[in-house]
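Heads up, the thing below is written out as structure tokens.
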Amino acid sequence: MTTLGAAVRNDVRERRTAKGLSQAELAERMDVSRQTINSIETDRYTPSLPLAIALARFFGVTVEEIFHADHY
Amino acid sequence: MQTITRKSYKYLATPIFGVLMGLVYLVAFWAGGSLAYGVFGLVVMVAFSLLLLVARRRSETVRGLLDHRDERITAIDLRATAVTALAMIAVVLVAFVVEIARGQSGWPYSMIGAVGGLAYLVAVIVLRIRG
């Protein structure tokens, strides 16, 4: 189940800025809202597995390379 | 090849439902002999519907709730609905206890509580079967 509280760390912001994309542009590519991208980047929201995979594919990395769940 | 872009009017569903409910209030109050209350109910519902349409232009959250729903908004909506249900359950329980303490039958709160409990059980069973 998607959780809103216990988020895992991620490198979405670093990878997005490295590509020269705004939050709104990445949101449009992922078919989510800009707020959702912002919440993911600030570790306030853990995306669903499909969205995590879509983000990883978009940046050309594996899910583990972009999301870091140290406590598991 | 020509691409046809269809404009979605999905965002109008909730405001239209609000106005329709306002009309239902109007007719119900009118039938009950309280036309003024009915007009007030309709005005409130029309105002609420217009407020939603105005807020949609300014708020990404309202826009998400009305028509551009993504997984985070869906999760927020689900949790907000659960909080609303908890508040309603608390009100029904308190009202039921107060009513029976006053020597009444507890109606209609007993019926509302029974429907709620049954709905929860059915939902758990169906969702459990669906995995």
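Within every chain, numbering begins at 1; the chains are lettered A, B, ... in the order of the sequence lines, protein sequences first and strands thereafter. Since the structure is predicted, the reported quantities are computational estimates derived from the model, not experimental observations.
- Follow the hydrophobic side-chain contacts under 4.5 Å out from B/Leu20 and you never reach B/Val27; the two are in separate clusters.
- In terms of hydrophobic clustering, with Ile, Leu, Val, Met, Phe, Trp and Tyr side chains grouped at heavy-atom distances under 4.5 Å, B/Tyr25 and B/Ile16 are assigned to different clusters.
- Contacts with chain B (heavy atom to heavy atom, under 4.5 Å) involve these residues of residues 16-34 of chain A, listed by number: A/Asp31, A/Val32, A/Ser33, A/Arg34.
- B/Ile100 is not connected to B/Val98 by any chain of hydrophobic side-chain contacts under 4.5 Å among Ile, Leu, Val, Met, Phe, Trp and Tyr, and they are in different clusters.
- Below 4.5 Å, heavy atoms of chain A meet heavy atoms from B/Glu60, B/Thr61, all part of residues 30-66 of chain B.
- Linking Ile, Leu, Val, Met, Phe, Trp and Tyr whenever their side-chain heavy atoms come within less than 4.5 Å leaves B/Leu121 and B/Val92 in two separate clusters.
- At most 12 heavy atoms of other shown residues, nucleotides or ligands fall within 6.0 angstrom of atom CE in B/Met88.
- The distance from the CG atom of A/Leu51 to the CG atom of B/Asp70 is 8.5 Å, given to the nearest 0.5 Å.
- How far CD of B/Glu71 is from CG of A/Leu49: 10.0 Å, rounded to the nearest 0.5 Å.
- Residues A/Ile37 and A/Phe67 are members of one and the same hydrophobic cluster, defined by side-chain heavy-atom contacts under 4.5 angstrom among Ile, Leu, Val, Met, Phe, Trp and Tyr.
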